[in-house]
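One structure below.
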Amino acid sequence: MTRPAGGFQAWLDEQTKLSLAAVLAGAAGILVLIVGSAIVFTTGGLTPYESIIKTSHSGAQTAVLFLTLLLGAIGIALGFSVYRRMPTKAARETAISGGALGVQAAALAGLFLWVRDIEKFDLLVRQNFSFEILGEIAPEFLNGGKNTVLLAAGGELLGIILGLVLAMLVLSKRAVVRAPARAYINFFRGTPLIWQLSFIYAGIILTSRLPISVYQAGIFVLGLNAGAYSAEIFRAGIQSIERGQIEAARSLGMTYLQAMRYIILPQAFRRVIPPLTNEFIILIKDTSLIVFLGLTEGQRELFGIGRDAYSETFNATPYIGSVLGYLAITLPLIRAVTALERKLRSGLTGIVGM
Amino acid sequence: MTASTPGTGALVQLQGIHKYFGDLHVLKGIDLEVEAGTVLVVIGPSGSGKSTLLRTINLLEEPTMGKVIFDGVEITDIRTNLDELRTNIGIVFQAFNLFPHKKIIDNVTIALRKVRKLDEAEATERAMAELKRVGMDHKAQNYPSQLSGGQQQRIAIARALAMRPKLMLFDEVTSALDPELVKEVLDAMKALAQEGMTMVVVTHEMGFAREVGSRLLVMDDGKIVEDGVPREIFENPREERTKSFLSHVL
């Protein structure tokens, strides 16, 4: 390769600039698509749904899409053509990132361009993005979100208590103590939650005329189910504590229960926070199954409200409302778990900090 | 309490101890008496059963056969309250086994408060005194992970001593330490021996065995092969297996 005048360093700088250009083009493509579309659609109005259709075909949105395509194409062409020539590893990665971002921007813009021209586009928008419906049932969704959280939190609380007891039983050195706990755990892990909800409610609670509402029954069964999963999490957590800890505690004269309470469980709890939170996230989503038991209006949770509104309007937009509700609850939790896991892994928290 | 075996008055008596781990025969008929005030040092090649023997004394390992008698009480009898009995036997481990989620002071006071039922002030006072004895009172508010191995091990000694045990067991307590940290732990043990504490010490530190030990056991293959005064055994081993072992470590 011939080097331009100005020496090696100038040549190097020249090369590196190309990778920077690629990543800037790719990132700009994504940015233009998201921010541009957001501005265009907000100005055009999200309700009624007809305005979404109109805006999709507007000149402004077309300009946004083609600009995105252009920037994406630049990112792809530049990034993938120059990355092999990059003088440093960092520059090579930058170039590749530019190419990848370009692919994403171009693909999204292309998808939008294609979708807005298909025959059923108007229908799709009407069925899924009639946000005026959401506006009407927003208070119900707020109440539903509260119910989802209450169902999940109640179930989790019950599950943690039950799981802790089951874990202790499963860790017993006596087979006659282990066996029933193991059977319980395997049964509740081995059968569908929807079956457990249906059978325990219809078969036991309704049949015995127990004075328990569907809502309470839901918390109860979710708790029974979460108990089985939490038990396994606690068992693993307790077993992960070094043997020397219980030996030291027992050697100081502590009883088994004292050693568990003061020494083993406090350490095990810290280790199981991430898997327990994951379990909680799953439980939050599983609360949606309670809809099959039939709830009164005020008891409905996020999914139930979406489903009921759908059957009244035959419009799927309420489902969008449900999912926004779920994400509002789960995304912060997922973030928290990820942060916690990273902290635990880095050893910053260790056993000491928290 | 009834004295199960009258006569000898030894603090610890092991009678016909056998221990199996599955098919592995680890202790093959151990008979041993340890008088109060003795500093009994146990040496021998790895796998010879030293640690298992030590851990049998406070029943961390339950013997497959045989009796353990401590202070006149047969502790292998299932009717013995083992938790109460263990408060009289302190043990220090190779891996320190401090409680990582508790501050140093709480490591020492937890058993005083929950087992000995001392109130907070009393427990703290006693704990600080024990920490001071091993020179660790200035670290009372730290967590174990913030301290060196030698410091942690001295605290483990203080934790055991705070219970005011009649017997102290030491299970290869310097084996996990960096060489420069070994001395501070051995010094703490030596001071304890000079105060007259009854000690059983499993160790690879031959200097300590010779200087501090008042009695030496050499173990090999699950049996006691030699039992006597440390200096005499070191200078004039009778058994071939002792000679062979000493030639490898000295």
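Throughout, protein chains are lettered first and strands after them, A, B, ... in sequence-line order, and every chain is numbered starting at 1.
Considering only heavy-atom pairs separated by less than 4.5 Å from chain A, the leading option among I91(B), V92(B), L98(B) is L98(B). Interface remark: of the candidates E247(A), E242(A), Q258(A), M254(A), E247(A) forms the most heavy-atom pairs closer than 4.5 Å to chain B.
What you find for F99(B) and A248(A) is that their closest heavy atoms are CE2-CB, 3.9 Å. Shortest non-hydrogen contact noted between Y262(A) and K102(B) is O-CE, 3.6 Å. For the residue pair D83(B) and T255(A), the shortest heavy atom distance occurs at OD2-CG2, 3.5 Å.
Summarising the local packing, CD of E125(B) is surrounded by 12 or fewer heavy atoms from other residues, nucleotides or ligands at distances under 6.0 Å. No more than 12 heavy atoms of other residues, nucleotides or ligands sit less than 6.0 Å from atom CZ of R261(A). Atom CD1 of I78(B) has 12 or fewer neighbouring heavy atoms from other residues, nucleotides or ligands inside a 6.0 Å radius.
Between M163(B) and L252(A), some side-chain heavy-atom pair lies under the 4.5 Å cut-off. Using a 4.5 Å heavy-atom threshold, the side chains of P100(B) and Q245(A) count as touching. Between S251(A) and F93(B), the closest side-chain pair of non-hydrogen atoms falls below 4.5 Å.
Residues of residues 54-62 of chain B lying under 4.5 angstrom from chain A, judged on non-hydrogen atoms, are R55(B), N58(B), L60(B) by number. Of all residues spanning residues 151-173 of chain A, none has a heavy atom less than 4.5 Å away from chain B's heavy atoms.
Here T191(A) pairs with Q196(A) under the side chain to side chain donor-acceptor pair (under 3.5 Å) rule; sequence neighbours left out. Qualifying ring pair (Phe, Tyr, Trp, His ring centres under 6.0 Å) partners for Y229(A), counting only residues two or more places apart in sequence or in other chains: none.
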